[in-house]
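Since the structure comes first, as structure tokens, the remarks are kept for the end.
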Amino acid sequence: MNNIYKNIYKEIRKYDTIVIARHIGADPDAIGCQLALKELILNNFPHKKVYAIGTYASKFKFIGSLDKLEDNINLNTCLLICLDTPDIKRIDGADPKDFEYVIKIDHHPIVDKFGDIELIDDNASSTCQLILELVYNTKFKITPSIAKKLYIGISSDTDRFLHPYTTVKTFKLVTRMLSETKIDFTSLYKPLYTRPLVEARFQGYIYEHFEVTEHGVGFIKIDDSLIKEYKVDTSTAGSLINSLKYIDGVLIIIFLTEDKKANLIKANIRSEGPIINEIAAIYGGGGHKYASGAKLTSWDQADNLIKDLDILASKYLESEK
Ligand code: AMP
């Protein structure tokens, strides 16, 4: 048994109360891995108390329900397992320093070190994939219910095995999981991808109106009035970014979505080649090499981000000649 997996299992076995956290702005990978890990732990250790915490997202309730931490819990005797979150500021609902011991499992490039054990692989397709690796390297056991959660996370984070972090290892692990549990995996796509008509109409607006810079940066500015007109929410608007993949001549895509309540502009950024997370970091954000994000304070700042990404795209095009 690989040491890091073995050590994670050993620590989990030690603690009676375990809190499983993930990043703000939940997505199916983050919620899927939280709920899958909770079930894995409870199946092997039914007497432990395990809480999967974080802001409720009604969109993902088909994956399972989250827990509220009871007020009387003495966190400094508990284990925190933080999933899918590279930086302390983006952990939803927990502060690592309140806990006796912290395990971090993540597939983002390292930002903050805050775990006593850190299982980090930024070449893994998803955190659900890392949980599957944990299963197959320890005494945890896969079940159909757990497999469904992990499959939802892996297929969603890879956009149905489309993104470059989808590897032979991903397919091997998923094939093993599907063969062993025999889940009806294609039926999982319906709850994951069914969306309201307004969202489809809004996608039409985006296709019509996105602009492209000289060096292939496709961008769209989605202000509050547009969001109200189409009756979509800000996170839904941003999540449509993947629909602009594979357009000839578009190297980088940026969605700039105004969040009036939070008084900021959320930037979602994707790349077909240039490494974008370093530019995102300059704007206080971060993420993966080809999928990043940031929170901006003004439309001027948004314009500067577009300019910086255009320069990056132009250098990339030069280097490819
Ligand atoms: P998104 O476009 O929101 O799906 O985010 C893409 C990637 O960028 C995710 O892996 C996030 O972890 C990362 N990311 C998004 N927003 C931020 C932010 N404000 N700060 C740091 N990383 C971010």
Side-chain angles (χ1 to χ4, degrees), residues 21-34 54-55 57 59-60 82-92 104-114 120-130 152-160 162-166 192 206 210 217-222 232-245 252-259 261-272 274-298 301-302 305-306 308-309:
R22 41 92 183 150
H23 59 77
I24 52 172
D27 57 32
D29 183 36
I31 295 192
C33 65
Q34 263 188 308
T55 311
K59 217 160 81 171
F60 303 128
C82 192
L83 301 176
D84 201 31
T85 316
D87 36 5
I88 295 174
K89 72 174 193 303
R90 300 193 78 235
I91 304 173
D92 189 348
K104 179 191 189 194
I105 301 176
D106 189 23
H107 74 126
H108 294 90
I110 294 172
V111 179
D112 299 325
K113 190 191 171 306
F114 57 84
I120 313 290
D121 180 359
D122 62 2
N123 290 311
S125 69
S126 51
T127 304
C128 281
Q129 177 177 322
L130 292 175
I152 287 168
I154 295 169
S155 56
S156 167
D157 241 35
T158 58
D159 199 6
R160 283 164 282 181
L162 189 73
H163 296 326
Y165 294 113
T166 312
L192 187 57
I206 288 165
F210 82 94
V217 177
F219 68 92
I220 185 142
K221 294 176 178 174
I222 304 164
V232 287
D233 58 57
T234 49
S235 66
T236 303
S239 70
L240 291 173
I241 191 163
N242 289 329
S243 62
L244 289 186
K245 262 182 96 73
I252 297 175
I253 312 158
I254 324 170
F255 269 41
L256 296 154
T257 312
E258 186 175 17
D259 183 342
K261 250 200 246 158
N263 195 26
L264 54 84
I265 296 156
K266 164 84 194 170
N268 303 82
I269 317 167
R270 300 290 184 272
S271 168
E272 299 285 340
I275 293 173
I276 50 178
N277 56 356
E278 288 156 13
I279 302 270
I282 294 172
Y283 288 81
H288 304 278
K289 281 187 208 161
Y290 307 114
S292 301
K295 287 173 179 166
L296 309 175
T297 50
S298 67
Q301 209 186 13
L305 174 61
I306 296 168
D308 283 348
L309 290 170

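The analysis underlying the following values was restricted to heavy atoms, covering all of them including side chains, and did not include hydrogens, waters or symmetry mates. Indexing begins at 1, ligand by ligand and atom by atom, following the structure's order.
- Distances from atom 22 (N) of ligand 1 to the heavy atoms of Gly286, Ala267, Ser292 show the closest one on Gly286.
- The distance from ligand 1 to the heavy atoms of Gly285 drops below 4.0 Å at these ligand atoms: 18 (C), 20 (N), 21 (C).
- Of the heavy atoms in Pro86, none comes closer than 4.0 Å to ligand 1.
- Counting heavy atoms from C-beta on, the side chains of Phe219 and Leu309 never come closer than 4.5 Å.
- Proximity to Gly287 (heavy-atom distance under 4.0 Å) selects the following atoms of ligand 1: 8 (O), 13 (C), 22 (N).
- Sparse packing is recorded around NZ of Lys261, with 12 or fewer heavy atoms of other residues, nucleotides or ligands lying under 6.0 Å away.
- When each of Thr127, Asp84, Thr85 is tested with His23 by the rule side-chain hydrogen bond (donor to acceptor under 3.5 Å, both in side chains), just one qualifies, namely Asp84.
- The side chain of His108, and not its backbone, has at least one atom closer than 4.0 Å to an atom of ligand 1 (non-hydrogen atoms only; side chain from C-beta on).
- Of the candidates Lys266, Lys89, His288, Arg270, the one placing a heavy atom closest to atom 15 (C) of ligand 1 is Lys266.
- Remark: Ile110 CD1 is loosely packed, at most 12 non-hydrogen atoms of other residues, nucleotides or ligands lying under 6.0 Å away.
- The only member of Ile279, Val217, Ile306 that meets side-chain contact (heavy atoms from CB on, under 4.5 Å) when paired with Ile252 is Val217.
- Partners of Ser155 under the side-chain contact (heavy atoms from CB on, under 4.5 Å) rule, at least two apart in sequence or in another chain, are Tyr151, Phe161, Tyr189, Leu192.
- The N/O atoms of Asp87, backbone and side chain alike, include none that comes under 3.5 Å of an N/O atom in ligand 1.
- If you check which protein heavy atom lies closest to atom 11 (C) of ligand 1, you get Arg90 NH1, 3.7 Å.
- Of all atoms in ligand 1, numbered sequentially from 1 with element shown, those under 4.0 Å from a heavy atom of Asn268 are 1 (P), 2 (O), 3 (O).
- Of all atoms in ligand 1, listed by their number and element, those nearer than 4.0 Å to a heavy atom of Ala291 are 6 (C), 7 (C), 8 (O).
- Remark: Ile254 CD1 to Ser271 OG distance equals 10.5 Å, nearest 0.5 Å.
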